[in-house]
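This chain uses plain numbering: 1 for the first residue, then up along the sequence. Treat the numbers as computed from the prediction; the structure is a model and nothing was measured.
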Amino acid sequence: RSQPELVEVCASFSYLPCRVSWMQVYSQKSFLIVDDFSDFRSSARSMLRELGVRDVDTADSGEQALRMCAQKRYDFILQDFHLGDGKKNGQQVLEDLILDKLISHECVFLMVTAETSQAIVLSALEHEPDAYLTKPFNRIGLAQRLEKLVQRKTLLKPILQALDRGRPAEVLAACAE
């Protein structure tokens, strides 16, 4: 099999044999980092590059992230919760992305925050991110979280694709499989 076929086959089984690394999977995906601090954007970009990511864009505000997502589909979004006083927070950005259909259900949305408060988690009643990641974190912690999220999204892929198509009957059929 060719390398792209092998990656697709491996992804469909939600595990990767030794011949295919996560680095190869990430090298084909697009990432967006949204944070108001340039040092964090730079650090997160470096960690992702070490994981094999080639396509990494950054935004310093929720408004910029929304404009970028209107222009390009991202496979992964690392979104800071607090983007500064008087600006949209990460939860508001996520809600806008979903309501405006700027991200697919297959997009991995990771809310990043320095807060450990339950208030942040509870604010996400209707549009919940795929996971939360507390700052500070390291490359290994990021890699482990991303791997689990990719595995979950892979298992749910038929359901997520049916959701993107807006076909409730297909969603139910996919759930029954």
Side-chain angles (χ1 to χ4, degrees), residues 1-35 37-60 62 64-81 90 93-94 97-98 101-113 127-165 170-171 174-175 177:
R1 291 183 187 260
S2 70
Q3 193 63 30
E5 283 179 305
L6 184 57
V7 170
E8 184 64 31
V9 167
C10 294
S12 69
F13 290 108
S14 77
Y15 67 90
L16 296 174
C18 295
R19 294 186 336 186
V20 179
S21 71
W22 285 104
M23 290 181 80
Q24 291 168 311
V25 172
Y26 295 143
S27 72
Q28 300 173 17
K29 302 296 182 183
S30 58
F31 284 71
L32 176 62
I33 301 166
V34 186
D35 197 289
F37 289 106
S38 62
D39 286 348
F40 176 80
R41 292 191 309 270
S42 177
S43 174
R45 179 191 291 250
S46 294
M47 284 185 228
L48 290 171
R49 294 262 190 229
E50 290 173 19
L51 296 175
V53 177
R54 293 181 187 152
D55 184 1
V56 184
D57 294 331
T58 63
D60 62 7
Q64 183 182 14
L66 291 168
R67 287 191 303 272
M68 293 173 75
C69 289
Q71 300 295 316
K72 177 179 177 179
R73 289 288 178 165
Y74 290 95
D75 300 302
F76 294 81
I77 298 176
L78 279 70
Q79 170 75 55
D80 185 40
F81 185 82
V93 172
L94 173 59
L97 289 170
I98 291 170
K101 295 182 172 39
L102 297 177
I103 59 173
S104 78
H105 288 87
E106 292 183 75
C107 175
V108 173
F109 193 98
L110 189 58
M111 190 72 74
V112 181
T113 181
H127 303 292
E128 189 174 334
D130 293 306
Y132 292 89
L133 188 60
T134 304
K135 294 178 185 176
F137 56 86
N138 60 26
R139 182 179 52 82
I140 293 169
L142 177 61
Q144 290 171 342
R145 182 64 56 94
L146 290 175
E147 287 172 19
K148 287 179 183 174
L149 292 169
V150 168
Q151 289 173 347
R152 181 175 7 151
K153 291 279 185 167
T154 300
L155 288 172
L156 297 174
K157 188 173 185 169
I159 297 166
L160 300 174
Q161 289 174 336
L163 285 168
D164 283 339
R165 289 191 294 271
E170 286 182 25
V171 173
C175 287
E177 291 178 5

- prompt: Who passes ring pair (Phe, Tyr, Trp, His ring centres under 6.0 Å) against Phe109, sequence neighbours left out?
  reply: none

- request: Identify, with sequence neighbours excluded, every residue that meets ring pair (Phe, Tyr, Trp, His ring centres under 6.0 Å) alongside Phe137.
  value: Phe40

Which atom of [X] lies closest to which atom of [Y], heavy atoms considered:
{"X": "Gly141", "Y": "Asn138", "value": "N-OD1, 2.7 Å"}
{"X": "Val93", "Y": "Gly62", "value": "CG2-CA, 3.4 Å"}
{"X": "Ser104", "Y": "Asp164", "value": "CB-OD2, 3.1 Å"}
{"X": "His105", "Y": "Lys153", "value": "O-NZ, 2.6 Å"}
{"X": "Ala70", "Y": "Leu102", "value": "CA-CD2, 3.8 Å"}
{"X": "Asp35", "Y": "Arg41", "value": "O-NH1, 2.7 Å"}

[Y] side chain reached by [X] side chain, heavy atoms, under 4.5 Å:
{"X": "Cys175", "Y": "Ile159", "result": "yes"}
{"X": "Ile77", "Y": "Leu94", "result": "no"}
{"X": "Phe31", "Y": "Leu146", "result": "yes"}

Nearest-0.5 Å distance that lies between atom [atom1] in [X] and atom [atom2] in [Y]:
{"X": "Asp80", "Y": "Thr113", "atom1": "CG", "atom2": "OG1", "answer": "6.5 Å"}
{"X": "Leu48", "Y": "Ser43", "atom1": "CG", "atom2": "OG", "answer": "9.5 Å"}
{"X": "Lys157", "Y": "Glu106", "atom1": "NZ", "atom2": "CD", "answer": "5.5 Å"}

Side-chain donor/acceptor of Thr154 to backbone N/O of Val150, under 3.5 Å: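 Between the backbone of Val150 and the side chain of Thr154 there is a qualifying donor-acceptor contact (under 3.5 Å).
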
- prompt: Under 3.5 Å, side chain of Ser30 to main-chain N/O of Arg73, donor-acceptor pair present?
  reply: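 Answer holds: yes.
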
- prompt: What pairs of residues pass the salt bridge (charged side-chain N to carboxylate O under 4.0 Å, His left out) test when at least one of them lies in residues 44-55, not counting sequence neighbours?
  reply: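 Those involving residues 44-55 are Glu50-Arg139, Asp55-Lys72.
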
task: Decide side chain to side chain contact (heavy atoms under 4.5 Å, CB included) for Tyr74 and Asp57; before the verdict, give the C-alpha distance in whole Å, the side-chain angles of both, and the deciding distance to 0.1 Å.
output: CA-CA 9 Å; Tyr74 290 95; Asp57 294 331; 2.6 Å; yes

field: side chain to side chain contact (heavy atoms under 4.5 Å, CB included) partners of Glu147, counting only residues at least two apart
entry: Trp22, Tyr26, Ala143

- prompt: With sequence neighbours left out, what residues match Leu149 under side chain to side chain contact (heavy atoms under 4.5 Å, CB included)?
  reply: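 Per chain and number, Leu149 pairs via side chain to side chain contact (heavy atoms under 4.5 Å, CB included) with Val108, Leu110, Asp130, Ala131, Arg145, Arg152.
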
field: Contacts of Ser46 that satisfy side-chain hydrogen bond (donor to acceptor under 3.5 Å, both in side chains) - sequence neighbours left out
entry: none

